[in-house]
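Reading through the structure tokens given below for one structure.
In each ligand, atom 1 is the first atom listed, and ligand 1 is the first ligand listed.
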Amino acid sequence: MLKNKTIERYLQDFSCIIITGASSGIGRELLSRIEYSGTAAAVFNLSRTPPEGISKTLKFTHLKCDLSQPAHIEAVVVELNKLMPRMGRILLINNSGFGAYGEFPSPGIDHTLRMIDVNTRAPVHLTALLWNEMKSRGGQVANVASLAGYQPTPLMATYAATKAFLLNWSVALDAEGRANGVSCIAICPGPVSTNFSKAAGFESSTGLGGQTVQACVEESLQAMRKNRAQIIPGWKNRLLGFLSARLPKPLAAKIGLRMIRKLKLDRFVKKP
Ligand SMILES: NC(=O)c1ccc[n+]([C@@H]2O[C@H](COP(=O)([O-])OP(=O)(O)OC[C@H]3O[C@@H](n4cnc5c(N)ncnc54)[C@H](OP(=O)(O)O)[C@@H]3O)[C@@H](O)[C@H]2O)c1
């Protein structure tokens, strides 16, 4: 791992770091960077399974939480309020999320509704329950949205719409929150190789390649440190996001459908 003093100093500036979905992928890499910074902050992970291999030097607590369940979120915040240090800035990273591929409502209504809950309802609920504490102590909210949030995306219609919600909500919250000492950033990765494909219903990796998780997280942390309101990691992704966001939405959807069909992703979909 590259030693990056500016990111280390930025992470050391918080007394409490709360992350969702650090058991895998982008969240796990963010947690590694937090660990590597040597921060003295109390670090909490919220997900269904605990992350593995955490060093004993990190003040780390895993709080089991299924973010599709509002009651779990309420219970976990009660727990957080008991365990969190009472002073200092708070960093909240809403990273948990998953995708879905196929003609609506594939891969199924249950999967689709759970995805809406985890990708949109949960970050709003969790942030709302911590908002007053964050306003009084100062801090930052980082929401992991997606490049897919910049345009309507057929065959991933609901997933892309959840990320469009998260992107717009995040940028608006940033404008509101800054006066109260809370900034907010939407992190919008393009394809990154993680367990994402499997969770989205593919048998194996779709081979779309894209960024490494390390490169994605490095750029995201730099943008968080600079207090930006949004970041698309990777210059090719940035270019794509810039262009597609400027097209009329129906045209972007038509082009998107043609491009996604060309990828022949159906061959990777898990058979029922
Ligand atoms: N990889 C990509 O290409 C890509 C691109 C753009 C955006 N993103 C976004 O990046 C974020 C992280 O995804 P990833 O690529 O790192 O995928 P990943 O490796 O599958 O990780 C997803 C994380 O979300 C957590 N999660 C899923 N359902 C949950 C639930 N019901 N309750 C609590 N936590 C839950 C998982 O933890 P448990 O299973 O332990 O609960 C896991 O830690 C997601 O929001 C995703 O939409 C990914």
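Residue Lys163 places a heavy atom less than 4.0 Å from ligand 1.
What sits closest to atom 14 (P) of ligand 1 on the protein, heavy atoms only, is Thr194 OG1, 3.5 Å. Closest protein heavy atom to atom 38 (P) of ligand 1: Ser23 OG, 3.5 Å. For atom 27 (C) of ligand 1, the closest heavy atom belonging to the protein is Arg48 NH2, 3.6 Å. Of all protein heavy atoms, the one lying nearest to atom 16 (O) of ligand 1 is Ile26 N, 2.8 Å.
Nearest-residue assignment for atom 22 (C) of ligand 1 (options Ala199, Ser96, Gly97; heavy-atom criterion): Gly97. The closest heavy-atom contact to atom 7 (C) of ligand 1, among the options Cys188, Ala148, Ala145, Ser197, comes from Ala145. For the residues Gly21, Pro189, Gly190, Ser24, the heavy atom positioned nearest atom 19 (O) of ligand 1 is part of Ser24. For atom 31 (N) of ligand 1, the choice among Asp66, Val213, Val192 with the nearest heavy atom turns out to be Asp66. Here the shortest heavy-atom distance to atom 40 (O) of ligand 1, taken over Asn45, Thr49, Ile19, Leu46, belongs to Thr49.
Of the N and O atoms on the side chains of Thr39 and Ser37, not one donor lies less than 3.5 Å from an acceptor on the other residue. Side-chain N/O atoms of Arg225 and Gln222 include a donor and acceptor closer than 3.5 Å. With hydrogens and angles left out, the side-chain atoms of Asn227 and Ser183 include a donor and acceptor closer than 3.5 Å. In this model, a donor atom of one side chain and an acceptor atom of the other lie less than 3.5 Å apart for Ser32 and Arg28. Checked by atom type, the side-chain pair Ser68/Asp117 shows no donor-acceptor distance below 3.5 Å.
The Gly25 neighbourhood of ligand 1 comprises atoms 16 (O), 19 (O), with distances under 4.0 Å to a heavy atom of that residue. Distances below 4.0 Å separate heavy atoms of Cys65 from the following atoms of ligand 1: 32 (N), 33 (C). Numbered from 1 in the order shown, with element, the atoms of ligand 1 that lie under 4.0 Å from a heavy atom of Val144 read 9 (C), 10 (O), 11 (C), 45 (O). Close approach to Tyr159 involves these atoms of ligand 1, each under 4.0 Å from a residue heavy atom: 6 (C), 7 (C), 8 (N), 46 (C), 47 (O). When each atom of ligand 1 is checked for a heavy atom of Pro191 under 4.0 Å away, the hits are 3 (O). Near Leu67, with a cut-off below 4.0 Å to any heavy atom, the atoms of ligand 1 are 30 (C), 31 (N), 32 (N), 33 (C), 34 (N).
Here the straight-line distance linking atom CZ of Arg114 with atom CG of Asn119 works out to 11.0 Å at 0.5 Å rounding. Rounded to the nearest 0.5 Å, atoms CG (Leu126) and NE2 (His72) are 14.0 Å apart.
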Run the numbers on Asn195 and Ser24 for side-chain hydrogen bond (donor to acceptor under 3.5 Å, both in side chains), then give the verdict.
CA-CA 7 Å; Asn195 283 332; Ser24 165; 3.1 Å; yes
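Glu133 is linked by a salt bridge (charged side-chain N to carboxylate O under 4.0 Å, His left out) to Arg86, Arg137, counting only residues two or more places apart in sequence or in another chain. Ser47 meets the side chain to side chain contact (heavy atoms under 4.5 Å, CB included) test with Ser23, Asn45, His62; sequence neighbours excluded.
Residues Glu103 and Arg261 are paired through a salt bridge, judged by an N-O separation under 4.0 Å between the basic side chain and the carboxylate.
Counting heavy atoms under 4.0 Å from ligand 1, residue Asn95 touches it through both backbone and side chain. Only side-chain heavy atoms of Val118 come within less than 4.0 Å of ligand 1; its backbone N, CA, C and O stay farther off.
Of the polar atoms of Phe98, none of the N or O atoms is found under 3.5 Å from an N or O of ligand 1, judged by distance alone. Between Ser146 and ligand 1, a contact under 3.5 Å exists for no N or O pair.
Tyr10 and Phe14 have perpendicular rings, their planes meeting at more than 60° on a 0 to 90° scale where under 30° would count as parallel.
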